Enquirer: 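Handing you a structure now.
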2 protein chains.
Amino acid sequence: MPKIVNHEERREQLAEAVWRIIRREGLEGVSVRSVAEEAGMSLGSLRHYFDSQSALLAFSMQLVAERIKKRIQSLPQDGDPRENIEALIGQIVPLDEDRLAESQIWIAFSTFALTEPELRPLSREIHDSLRDVFRNIFETLAQSQLLKPGLDTELEAKRFHALVDGLLVHGVIASEVVLAEEIAGIVARHLDSLLVP
Amino acid sequence: MPKIVNHEERREQLAEAVWRIIRREGLEGVSVRSVAEEAGMSLGSLRHYFDSQSALLAFSMQLVAERIKKRIQSLPQDGDPRENIEALIGQIVPLDEDRLAESQIWIAFSTFALTEPELRPLSREIHDSLRDVFRNIFETLAQSQLLKPGLDTELEAKRFHALVDGLLVHGVIASEVVLAEEIAGIVARHLDSLLVP
DNA sequence: TGCTTAGCAATACAAATGTATCAAAAAAAA
DNA sequence: TTTTTTTTGATACATTTGTATTGCTAAGCA
């Protein structure tokens with residue numbers, strides 16, 4: 001057997017190189033050559049781990065989605081419901097540098113996926129699963145009588161989901177201006193308007 | 001003097017060709033050749049109207065921004081304040097096919113501008129001017145005593161702005177699923193929660 | 001009628017790109 | 001040590017890309 005190389009690890013290294021290029025130059029800057037150089041390996045090496053550029057992009061997109069998903073799933077579910085929700089949102093919205101990086105990468109991939117049949121299903125799947133998360137939140141809140149009476153849970157879930165994604169976009173577009181506290185404050189205000197005191 | 005050709009009109013034709021390609025194939029599909037073909041003219045012709053590809057892209061982005069801006073400015077300001085606001089939002093959010101097209105194009109350009117120093121200022125300018133629109137709305141509402149008491153107008157402006165941009169993104173990502181009435185309903189619900197009855 | 005010049009089309013060219021091929025290198029297994 | 005096989009690097013190639021050049025066309029002006 002030849003040199004022992006952790007196949008999956010190498011693939012993740014390449015995906016992370018893709019991410020760095022996306023942040024620096026956008027998806028237009030991602031070529032097989034630029035990625036290989038960024039990852040410090042040769043073109044032939046990259047080709048050994050990914051049969052095509054689109055396979056590399058699909059994997060890179062999938063990986064960032066998985067990382068976010070895992071981080072969300074590993075959140076402690078103690079604390080009161082409201083704290084749980086704010087912790088969850090804090091994993092989505094760009095409150096710190098890491099989250100900002102992820103948001104930039106995710107926006108780039110999502111936009112790209114709009115016209116790439118190969119990536120679009122994945123993009124939609126992530127979007128839908130996040131929508132379901134919001135649905136669950138509100139159904140649980142309603143059952144626990146924590147929601148103000150008379151609210152349409154389905155509509156409120158969609159409204160909150162849109163607000164959170166809007167904050168994510170604004171955090172990326174105006175990252176020097178939109179402060180983390182601002183985002184947190186808006187989320188807090190929204191929850192105040194929905195939950196019983 | 002040679003053949004009389006409306007210079008500006010030709011440039012707009014080319015910009016519209018760019019838009020069609022963006023909708024169909026994304027910004028990656030926009031090359032000087034594909035645009036020339038889409039517009040039904042030769043490469044040399046295109047070059048005659050735009051010195052470079054980035055000039056073409058900058059103009060195309062500027063033009064879509066101007067068209068939206070003009071449409072917003074030409075809105076009748078009669079009707080009660082709430083109707084004015086809903087009419088304004090209706091010009092931003094993808095409630096019909098034309099608005100959906102504009103949203104798709106705008107998202108593509110905004111994402112592209114994140115890493116293109118030449119386009120970024122324009123993107124920020126549009127973002128900021130829309131932010132000011134929301135600010136004005138809420139300041140006017142507050143002065144007219146139409147806002148529920150105790151609201152932070154600055155924060156509410158940002159919250160509404162984020163919600164609207166989030167709805168725009170969701171309308172584009174899930175255009176087959178997110179219905180126009182849904183979007184309108186969410187906006188209406190949000191205004192209900194802010195305005196005095 | 002001829003002249004001037006904006007508009008246009010064709011061609012060229014270097015650079016970058018995705019993909020393919022192939023042989024060398026390296027390390028485990030025999 | 002020899003064999004085997006994954007890993008790696010180099011090179012090649014056809015396409016596509018942005019840009020530049022050059023000459024032709026056509027329409028208004030003298």
Side-chain angles (χ1 to χ4, degrees), chain A residues 1-22 24-62 108-109 112-113 115-119, chain B residues 1-22 24-62 108-109 112-113 115-119:
Chain A
M1 291 282 169
K3 189 157 51 167
I4 15 172
V5 165
N6 187 330
H7 210 79
E8 200 54 24
E9 194 178 291
R10 274 283 209 275
R11 285 165 66 87
E12 298 194 358
Q13 282 173 12
L14 285 163
E16 286 165 10
V18 169
W19 299 348
R20 288 194 294 277
I21 295 175
I22 287 180
R24 211 170 48 226
E25 309 168 35
L27 249 171
E28 306 77 36
V30 175
S31 72
V32 286
R33 282 172 180 80
S34 67
V35 173
E37 190 187 13
E38 174 76 28
M41 54 179 91
S42 76
L43 199 54
S45 253
L46 183 149
R47 270 304 241 103
H48 184 68
Y49 295 103
F50 292 100
D51 282 342
S52 69
Q53 188 192 31
S54 55
L56 169 61
L57 288 179
F59 180 81
S60 303
M61 183 173 179
Q62 197 123 27
F109 275 126
F112 185 62
T115 50
E116 290 302 306
E118 197 170 348
L119 292 185
Chain B
M1 290 285 170
K3 191 159 46 168
I4 16 170
V5 165
N6 186 330
H7 209 78
E8 200 53 25
E9 194 178 290
R10 274 284 209 269
R11 286 164 65 86
E12 298 194 359
Q13 282 174 13
L14 284 163
E16 285 165 10
V18 169
W19 299 348
R20 287 195 295 277
I21 296 175
I22 287 180
R24 210 170 50 226
E25 310 169 32
L27 247 172
E28 307 77 35
V30 175
S31 72
V32 285
R33 281 172 181 80
S34 68
V35 173
E37 190 188 13
E38 175 75 29
M41 55 180 90
S42 76
L43 199 53
S45 252
L46 183 149
R47 272 301 241 107
H48 184 69
Y49 294 102
F50 291 101
D51 282 343
S52 69
Q53 188 192 31
S54 55
L56 168 62
L57 289 179
F59 180 82
S60 302
M61 183 173 180
Q62 198 122 28
F109 275 127
F112 186 62
T115 49
E116 290 302 306
E118 197 169 348
L119 292 185

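These numbers come from a predicted model, not from an experiment. As a basis for the values below, the full set of heavy atoms in this structure was taken, side chains included, without hydrogen atoms, waters or symmetry mates. Letters A, B, ... mirror the listed sequences (proteins, then strands); counts begin at 1.
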Enquirer: Identify which nucleotide among C:dT19, D:dT19, D:dT8 has an atom closest to any side-chain atom of A:Ser42, counting heavy atoms from C-beta outward.
Expert: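 Per side-chain heavy atoms of A:Ser42, the pick is D:dT8.
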Enquirer: Nearest-nucleotide wise, let me know which of A:Gly29 and A:Gly44 is further upstream toward the 5' end of DNA chain C.
Expert: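 Taking each residue's closest nucleotide, the earlier one in sequence belongs to A:Gly29.
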Enquirer: Got a donor-acceptor contact below 3.5 angstrom from the B:Gln53 side chain to the B:Val30 backbone?
Expert: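 Such a contact is found between B:Gln53 side chain and B:Val30 backbone.
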Enquirer: So does A:Arg10 get a side-chain nitrogen or oxygen closer than 4.0 Å to the phosphate oxygens (OP1/OP2) of D:dT7?
Expert: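 It does not, given that no N or O in the side chain of A:Arg10 lies less than 4.0 Å from OP1 or OP2 of D:dT7.
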Enquirer: Anything under 30° is parallel, anything over 60° is perpendicular, the rest tilted; go ahead and classify B:His7 against B:Tyr49.
Expert: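 Tilted: the ring planes of B:His7 and B:Tyr49 meet at 30° to 60°.
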Enquirer: Grab the CG-C1' distance between B:Leu43 and D:dT17 for me, whole Å please.
Expert: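 Nearest whole value for this atom pair: 10 Å.
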Enquirer: Whether A:His48 contacts D:dT8 is assessed here as follows: a side-chain N or O lying under 4.0 Å from the phosphate OP1 or OP2. Is that the case?
Expert: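 Answer no for this pair, as no side-chain N or O of A:His48 is under 4.0 Å from OP1 or OP2.
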Enquirer: What's the CD-P distance between A:Gln13 and D:dT7, to the nearest Å?
Expert: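 Taking CD of A:Gln13 and P of D:dT7, I get 13 Å after rounding.
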Enquirer: From CG of B:Asp51 over to P of D:dA20, roughly how many Å is that when rounded to an integer?
Expert: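 To the nearest whole Å, that distance equals 8 Å.
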Enquirer: Using OP1 and OP2 only, check whether a side-chain N or O of A:Tyr49 sits under 4.0 Å from D:dT8.
Expert: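 So the side-chain polar atoms of A:Tyr49 do come within 4.0 Å of the phosphate oxygens OP1 or OP2 of D:dT8, strictly under.
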Enquirer: Rounding to an integer number of Å, can you tell me how far A:Glu28 CD sits from C:dT17 P?
Expert: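 Nearest whole value for this atom pair: 12 Å.
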Enquirer: Please indicate whether B:Glu37 has more than 12 foreign heavy atoms, meaning atoms of other residues, nucleotides or ligands, lying under 6.0 Å from its CD.
Expert: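 No, CD of B:Glu37 has 12 or fewer neighbouring heavy atoms, counting only those of other groups under 6.0 Å.
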Enquirer: Are OP1 or OP2 of D:dT7 and a side-chain N or O of A:Ser45 less than 4.0 angstrom apart?
Expert: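 So the side chain of A:Ser45 is outside the cut-off, no N or O lying under 4.0 Å from OP1 or OP2 of D:dT7.
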Enquirer: Using whole Å, what does the distance between atom P of nucleotide D:dT5 and atom NE2 of A:His7 come to?
Expert: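 Rounded to the whole Å, the gap is 17 Å.
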Enquirer: Between P on D:dT21 and CZ on B:Arg47, what's the gap in Å once rounded to a whole number?
Expert: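 After rounding, the gap between these two atoms is 9 Å.
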Enquirer: Base, sugar-phosphate or nothing for B:Ser31? Non-hydrogen atoms, less than 4.0 Å.
Expert: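 Sugar-phosphate, backbone atoms only, no base.
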Enquirer: Tell me whether the OP1 or OP2 atom of C:dA16 has a side-chain N or O from A:Arg33 closer than 4.0 Å.
Expert: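 For A:Arg33, the contact criterion (side-chain N or O under 4.0 Å from OP1 or OP2 of C:dA16) is not met.
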Enquirer: According to the Watson-Crick and G-U wobble definitions, with both distances under 3.5 Å, which nucleotide is paired to C:dT17?
Expert: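 Across any shown strand, C:dT17 pairs with D:dA14.
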